[in-house]
Amino acid sequence: MLENLKNRAPDTAAPSVVPRWGGAHFLVFRNLRVHAGGNPWTMAMYSIFEPILYLLAIGVGIGQLVGDVEGVKVTYAAFVAPGLLATAVMNSALHETMEGAFVKFTHDRFYQSILFTPVSLTGIVVGEVAWAVLRGFVTAVGFLLVITVFGLISWSNALVAAAGTLLVAFAFGAAGLAVTTRIRAWSDFQYVQLVLLPMFLFATTFYPVTVYPRPVQVAVELLPLYHAIQLLRGCALGQIDSGMIVSVVYLLAMGALGLVVARRQWARLMLH
């Protein structure tokens, strides 16, 4: 089988014409079909459970002691909610392109077999990232419905924030698929958590970046989750300004770079 893969160009399908985007939509339809019996809303239920617990325990509970956030003029729960939204979308996207992709490649040998269909390697990469975006978006919609019912965000701002979650899911989904090519065993995911957990705690999820001294602020502002939170917090609170352009560019560049690296690395793993 490996010899056949070597003799086949990365983006050329066999005899028939490869569909646009390398057949990526076939992969999205397949994932949607097999995931939770074809019901995408179960994804939201699983993904928002933990952030809602954080929101109730910290945003609402501790928020009673904190009151309004200085310089933001909103309740503490309303300030924390967008940070938890960004975290939930990040985790949902990463789950699909990291643990999910690792299982498909290592245990199921799914990607190796799909290359014998009209779906190309580019189609696999684009399809998996598109699926991660869909997974993150469904999670976002579920979480936004909850915090809107709680009165922490208006319906109009929720729609704007939902659009922003697509970019967040794209950035982390593409980056996750690139990182997965370096994963060799399940124990390696512990190193991923060593990055994600501190980022969750310190990337302004629970307090503004102004609490840090300036050198630490600069370091925090380099974190991808910080830009995801800034984007969604601005959308959720209706505080859209020119500063959000930096976060949009950062996340777009992160997603584009992730796609390029993922495409190259998966070609190295499966075609050589």
Side-chain angles (χ1 to χ4, degrees), residues 10 22 24 27-28 31 35 43 46-47 50-51 86-112 114-115 120-137 139-140 165-203 205 219-229 231-232 247-272:
L27 200 63
V28 175
N31 288 339
H35 188 94
M43 296 188 294
Y46 293 133
S47 302
E50 182 178 353
T87 303
V89 173
M90 175 189 73
N91 288 335
S92 294
L94 288 178
H95 173 76
E96 293 301 327
T97 57
M98 295 200 74
E99 290 95 334
F102 181 75
V103 169
K104 290 176 185 176
F105 177 75
T106 306
H107 300 287
D108 297 342
R109 309 291 289 180
F110 172 72
Y111 296 137
Q112 293 87 333
I114 205 173
L115 281 177
S120 69
L121 181 58
T122 296
I124 292 175
V125 172
V126 174
E128 287 292 63
V129 174
W131 168 246
V133 172
L134 177 60
R135 169 72 185 266
F137 182 71
T139 296
T165 61
L166 294 172
L167 179 55
V168 174
F170 165 66
F172 283 101
L177 196 61
V179 172
T180 302
T181 60
R182 297 295 183 181
I183 300 295
R184 295 293 176 265
W186 283 108
S187 58
D188 290 346
F189 284 105
Q190 298 177 11
Y191 299 110
V192 177
Q193 289 302 316
L194 285 177
V195 175
L196 295 182
L197 182 57
M199 190 164 61
F200 166 64
L201 294 174
F202 300 113
T205 308
V220 170
E221 289 168 358
L222 295 176
L223 299 174
L225 183 57
Y226 167 81
H227 289 281
I229 292 173
L231 175 63
L232 298 186
S247 296
V248 171
V249 172
Y250 182 104
L251 294 172
L252 280 173
M254 175 180 169
L257 180 62
L259 276 178
V260 171
V261 173
R263 171 64 181 76
R264 184 191 312 149
Q265 291 298 99
W266 281 106
R268 178 181 61 81
L269 288 176
M270 293 193 289
L271 301 174
H272 295 88

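Everything numeric in this text was worked out from a predicted model, so none of it was measured.
In this structure, T181 contributes its side chain and W266 its backbone to no donor-acceptor pair below 3.5 Å. Formation of a donor-acceptor pair under 3.5 Å by the Y226 side chain with backbone atoms of S247 is not found in this model. In terms of modelled atom types and a separation under 3.5 Å, the side chain of T205 and the main chain of L201 share no donor-acceptor contact.
Listed here is the closest heavy atom pair of A262 and V125: CB-CG1, 4.1 Å. In terms of heavy atoms, A203 sits closest to I229 at O-CD1, 3.1 Å. Among all heavy-atom pairs drawn from E96 and W131, the shortest one is OE1-NE1, 2.7 Å. The shortest heavy-atom contact between G127 and A24 is N-CB, 3.5 Å. Minimum interatomic distance between G173 and A93 (heavy atoms only, all atoms of both residues): N-CB, 3.9 Å. When all heavy atoms of Q193 and P198 are compared, the pair lying nearest together is O-CD, 3.8 Å.
A parallel orientation is assigned to the rings of W186 and H107, their planes being inclined by less than 30° (bins at 30° and 60°). Under the 30°/60° scheme for interplanar angles, the aromatic rings of Y250 and H227 are found to lie parallel.
Taking CD1 from I183 and OG1 from T106, the interatomic distance works out to 9.5 Å, rounded to the nearest 0.5 Å. Note that CE of M199 is 5.0 Å distant from CG of L225, once rounded to the nearest 0.5 Å. To the nearest 0.5 Å, the span separating CD1 on I124 from CD on Q112 amounts to 8.5 Å. Taken to the nearest 0.5 Å, the CZ atom of F137 stands 5.5 Å off from the CG atom of L166.
Residues F170 and L259 meet the side-chain proximity criterion, which asks for heavy atoms closer than 4.5 Å. Side-chain contact between L196 and L94: present, with at least one pair of heavy atoms (C-beta onward) separated by less than 4.5 Å. In this structure, the side chains of T180 and E128 stay at 4.5 Å or more apart for every pair of heavy atoms.
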